[in-house]
Amino acid sequence: MQDYLNELNEQQRTAVTTEPGPLLVLAGPGSGKTRVLTHRIVYLIRELRVPPWHILAVTFTNKAAKEMAHRIENVLEGQPRGLMMGTFHATCARLLRMEADNLEGYGRDFVIFDTEDQLEAIKQALKDLNLDDKKFPPYKMRSGIGNAKNELITPEQYIASNYIAEVTKRLYARYQQILVANNGMDFDDLLMNVVTLFDRRPDILQKYQERFQHILVDEFQDTNTAQYGLLKRLTAVTPNIFAVGDADQSIYMWRGADYRNLNRFREDYPDARQILLEQNYRSTQVILDVAMEIIRHNRNRVHKQLFTEREGGEKVSVREAYDENEEAERITGAVQDLLLRGYSPGDMAVMYRTNAQSRALEEAFVRTGIPYRLVGATQFYRRREIKDVIAYLRVVHNSADAISLNRVINTPTRGIGSKTQEQLTAWAGQLAVQPADALIRLVIDPDVQHPFNGRAYNALHLFGQMLHAWRTVRDEATVGELLDLILEQTGFRDYIETSAKDDDDAHDRWANVMELRNVAAAADGVSLSDFLEQVTLVSEVDDLEEEPNRASLLTLHAAKGLEFPIVFLAGLEDGILPHSRSLDDVESLAEERRLFYVGITRAMDRLYISHAFRRLGYGGWDVAVPSRFLQDLPADLVEGGSAQQRRQQTKTKASSWEWSSSSAGSSSWSTSRPSPTPATPRRTTTAAAKPEKALPTPNYLRTGIADDDHEADTPAPPKTARYKTGQKVRHAKFGAGTVIESKTTGNDEEVSVAFPEYGIKRLAASFANLEILD
DNA sequence: GGATCTCATGTTTTT
DNA sequence: CATGAGATCC
């Protein structure tokens, strides 16, 4: 009868069947935490006879929520009615939809402001306060305000300890007024407002305390103060809180998450039981050992001794590529190899630190024709054309949303410039109505007094008519129909076609709009209000189309919670995987390490790590320093030699470098071996980066660390090409050849040379050591 | 008032 | 390098 419990190991079963009360599950990667959560919910419903509506399960991503819903459905053969499950933000939004009337200044039809809307509001606030947006960059101010909200600090409580804080405090207050005036809440408000509501209205708090008698939290280490505060209030009377987390996978500190909430939990719920899940069902022992060795270097952590029944396993491969393009090519080459060996594209994932890295990878995948999907890069709902269309819907939905009105009133351009917009705002102020409603007044009341000249009036009137028409059909039409009407009346397609850079761009952007239209059309029976909420709170495209069997390209952050048989971690370089902005702070550095740990532990069978010798910075090429984390890899579990050896090899090969061969990638990962005659290990990372002869050290070979003294005054390499088309040159390996083309790239020179026997090679001048034959 | 160009500037991760 | 904002030009 309890067959679903048999699928669990002892610790898991203990967690699932523990009696209600506070429980902390410390779950290592791959230890089945989702399984524990879902089974716990099933257990509560089936065994303890808890009505589903007494259960609240919160996650951090929509993906996790969906996954959980899916699994529960499988076990229970149907979705339990009334079970509340979703992200913190979505849950709070739902709650506020019911209760916002009890919040001063807000109504239930509030809109959710995303990051971009926030910036607009902050710019407005800066203007209102006569502050210079150069001195107080909106995005920085936004994070200041956001941090305060995450800590549940109101503008009044904000401590102005210095000038910038004093400005932030004032700005925060003004910003908040603007939000309220727009009946808008930003992401942080969703959480904070619920807490505020609970604190002001004990009766409402009590209502939800009674409703949510069992609360489950996924990824507990990612909670911030506001979220923790929320949980604490809800469980104050009945502390049935089932929290699952792993401090080693805390990667969201930058957004206010604080894994120390795990400690607070132990203090705040002294009776809490604690269960450790260390058995891993995902990776080979080799991968786990590597992961543990990496994470071990972080201080102040509780070690989890991960183990699996999958003993042994393939060693982790580490390779250095010449640059990011070659790195990408080697990865796709290895992918092709693996495809031949029976893996499918869907088994593989390439993970990286920053979205910018996806470019080279994507190009390589396109070139090789391997099906791939790019997860979340330019987030669908943040694309300009999508935001535009959504802004239209928002204006139709909510007159108070002046931010959205500003966005669309002249997009596409229709002769309503900034001056006219100012007049409109002023005029609406006089009428004491929202600008959007003032426009409608212009349409329905022909005799109304207004300050506009003929041209402006016509333009405004025309727009007002459209808005009026949309408003009229709003409640009868489906979201899809409304959207069609808007697209048609605004001539949106024309707008996209005329404003796009080129045909491809126009095509893509229109395709995006149509994608949104499809989403809207599919959301049959969903109210406009709900539709807008979903659209703002759902970031991933995964709702749109679940791409079958494609390799995934994704950031390490996006990879959390996922697993793949084959994982590639690209760009393991100082400044990228420990990200440059985290190098001088111990805590951030520890978080970068956890990010690496998360990446490693996504892999089931095989892990490939790569870094490049040089990488395109913002401008030219920079020499990359292998990630400091790589030094911590256990040598006996890694194949590919030390960082020094790899670099030595890169340099040896670089003298005969070539990009063109597409087969180079596939063999290089599997056949290249660590140099048989390893150079005397040297500690410095810049060691031996000097070409022999008398060539000047190219700038890109220098790092911030000072080299030998005499190099400091070596002149920079010539900016102009040293090699000219038609010139005869000699290469150590390829022999004599003719220069076809030469161009400078950054501080180096890229020479294409035709060799009679070897064909055309593209060579990096600083390495190729070409002898000019005249 | 609007569109185009240039210059400057600023670069992580996302609910 | 890419995007965005500002100035300039139409």
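Chain identifiers are assigned alphabetically (A, B, ...) following the order of the sequence lines, protein sequences preceding nucleic acid strands; residue numbering begins at 1 within each chain. None of these values were measured; they are calculated from a predicted model.
- In this structure, A:W254 atom CH2 and B:dT14 atom P are separated by 6 Å, rounded to whole Å.
- A:R97 CZ: more than 12 foreign heavy atoms inside a 6.0 Å radius.
- At the heavy-atom level, A:F187 lies under 4.0 Å from base atoms of the strands shown.
- The interatomic distance linking A:H89 (NE2) with B:dT14 (C1') rounds to 9 Å, in whole Å.
- Per the geometry, CG belonging to A:L583 stands 14 Å off P belonging to B:dT12, to the nearest Å.
- Using a 4.0 Å heavy-atom distance criterion, A:L556 is classed as making no nucleic acid contact.
- Ring planes of A:Y372 and A:F365: tilted class, angle from 30 to 60°.
- Not a single donor-acceptor contact under 3.5 angstrom links the side-chain atoms of A:R255 to the base of B:dT13.
- Centre separation under 5.5 Å together with a plane angle under 30° does not hold for the ring of A:H579 and the six-membered base ring of B:dT13, so they are not marked as stacked.
- Between A:C92 and the choices A:N193, A:V195, A:L197, A:V194, the side chain to side chain contact (heavy atoms under 4.5 Å, CB included) rule is met once, by A:V194.
- Side-chain nitrogen and oxygen atoms of A:N410 include none within less than 4.0 Å of the OP1 or OP2 phosphate oxygen of B:dG1.
- Within 6.0 Å of atom CZ in A:R233, more than 12 heavy atoms from other residues, nucleotides or ligands are found, so the atom counts as buried in its surroundings.
- The shortest distance between the side-chain N/O atoms of A:N355 and the OP1/OP2 oxygens of B:dT13 is below 4.0 Å.
- The side chain of A:T413 contributes an N or O atom lying less than 4.0 Å from OP1 or OP2 of B:dA3.
- Ring geometry, A:Y252 versus A:H557: the interplanar angle falls from 30° to 60°, so the pair is classed tilted.
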Quick test: give all pairs of protein nitrogen or oxygen and nucleotides 5-10 of chain C nitrogen or oxygen below 3.5 Å, distance rounded to 0.1 Å.
| unit_1 | atom_1 | unit_2 | atom_2 | d |
| --- | --- | --- | --- | --- |
| C:dA5 | OP1 | A:K123 | NZ | 3.2 |

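- Ring geometry for A:Y457 against A:H450 counts as parallel: the plane angle stays under 30°, on a 0 to 90° scale with 60° as the upper cut.
- If you take CD of A:Q357 and P of C:dA2, they are 16 Å apart, rounded to a whole angstrom.
- At the heavy-atom level, A:T115 lies under 4.0 Å from base atoms of the strands shown.
- The nearest heavy atom of DNA chain B to A:T61 and to A:G417 marks one nucleotide each, and the one closer to the 5' end goes with A:G417.
- A:Y457 has its OH atom 18 Å from the P atom of B:dG1, to the nearest Å.
- Salt-bridge check for A:E120 with A:R407: failed, with every basic side-chain N at 4.0 Å or more from each acidic carboxylate O.
- Here the separation of C:dA5 from B:dT12, taken at their C1' atoms, is 23 Å to the nearest Å.
- Side-chain N/O atoms of A:R359 include one lying less than 4.0 angstrom from OP1 or OP2 on C:dA2.
- With hydrogens and angles left out, the side-chain atoms of A:Q357 and A:T354 include a donor and acceptor closer than 3.5 Å.
- Atom CG in A:N224 sits roughly 17 Å away from atom P in B:dT14 (whole-Å rounding).
- Proximity of A:T555 to the phosphate of B:dT14: a side-chain N or O atom is located under 4.0 Å from OP1 or OP2.
- Toward the 5′ end of DNA chain B lies the nearest nucleotide of A:K419, the other residue of the pair A:K419 and A:T87 mapping further downstream.
- If you measure from atom CG of A:N147 to atom C1' of B:dT14, you get 14 Å, rounded to the nearest angstrom.
- Whole-Å rounding puts the A:R407 CZ to C:dG4 C1' distance at 13 Å.
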